[in-house]
Amino acid sequence: MVFAHDTEMSLMSAAGLINTAGTADRADTLSTRAQLDGFVRDWVFTGNRTHDDVELQAVRALRPQLHQLWTAQDADTVAQGVNDLLRQGSALPQLVKHDHWDWHLHATDPMAPLATRMAVEAAMAMVDVVRTGELSRLRVCAADDCADVVVDLSRNRSRRYCESGCGNRVNVAAYRARRAEAGSVDPHSGG
Ligand SMILES: [Zn+2]
Ligand SMILES: [Zn+2]
């Protein structure tokens, strides 16, 4: 484990949130309240919900802020942004134990708005990343045609592709290219 368990979970869910934003050839997957419900369920965010458009828009508005921090790669810039998020969210770190989770850190009240809790949780995780000098673990997918963010939690810092299959896709493409160069006929192509 590179970071504490809750930090790693928070970084993964922050990446998941950033990656819901659409691209040129992929629809935004956080454009409805139902999609937000799904996201909250998938990433097991607990606490108060309002299920209205204000909540949805606030979460959507958080994405570019987090994306900017994720890709800044400069500790001074990230520290400034993290401090802003913590201050705006009135963060107050507390050890808590709830449901089936053992002691972990919360820095917001469970009644605070969802977007505030998400922002502070991501900021708290980035605190760990900055103070351990591990910003290089916050990456963008290495595939040329993919802009998804990736958090590299591997011991040997080897993760380069996002979760949505780019690693496999690039490997398969490279394999096909090698086969094509070698002049062999790929029985699986052209199907
Ligand atoms: Zn918790
Ligand atoms: Zn990718």
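Order of listing sets the numbers, starting from 1, for every ligand and every atom in it. The chain is numbered in sequence order, starting from 1.
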Atom [atom1] of [X] with >12 non-hydrogen neighbours under 6.0 angstrom:
X	atom1	value
Asp52	CG	yes
Gln68	CD	no
Arg159	CZ	yes

Practice item. List for me each residue that meets salt bridge (charged side-chain N to carboxylate O under 4.0 Å, His left out) alongside Glu8, sequence neighbours excluded, and say none if there are none. Key: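 Applying salt bridge (charged side-chain N to carboxylate O under 4.0 Å, His left out) to Glu8 gives none.
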Check your understanding: How about the Zn ion (ligand 2), which protein N, O or S atoms come within less than 2.8 Å?
Key ->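 For the Zn ion (ligand 2), the protein N, O and S atoms that sit under 2.8 Å away are Cys141 SG, Cys146 SG, Cys162 SG, Cys166 SG.
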**Study point:** Gap separating the CG atom of Leu62 from the NE2 atom of His67, nearest 0.5 angstrom
**Key:**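 Reported to 0.5 Å precision, the distance equals 12.5 Å.
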Practice item. Give the atom name of whichever N/O/S atom in His98 sits closest to the Zn ion (ligand 1). Key: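 That would be atom NE2.
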Point to revise | ILVMFWY cluster, Leu66 and Val150 together (side-chain gap under 4.5 Å) | key: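 Leu66 and Val150: separate clusters.
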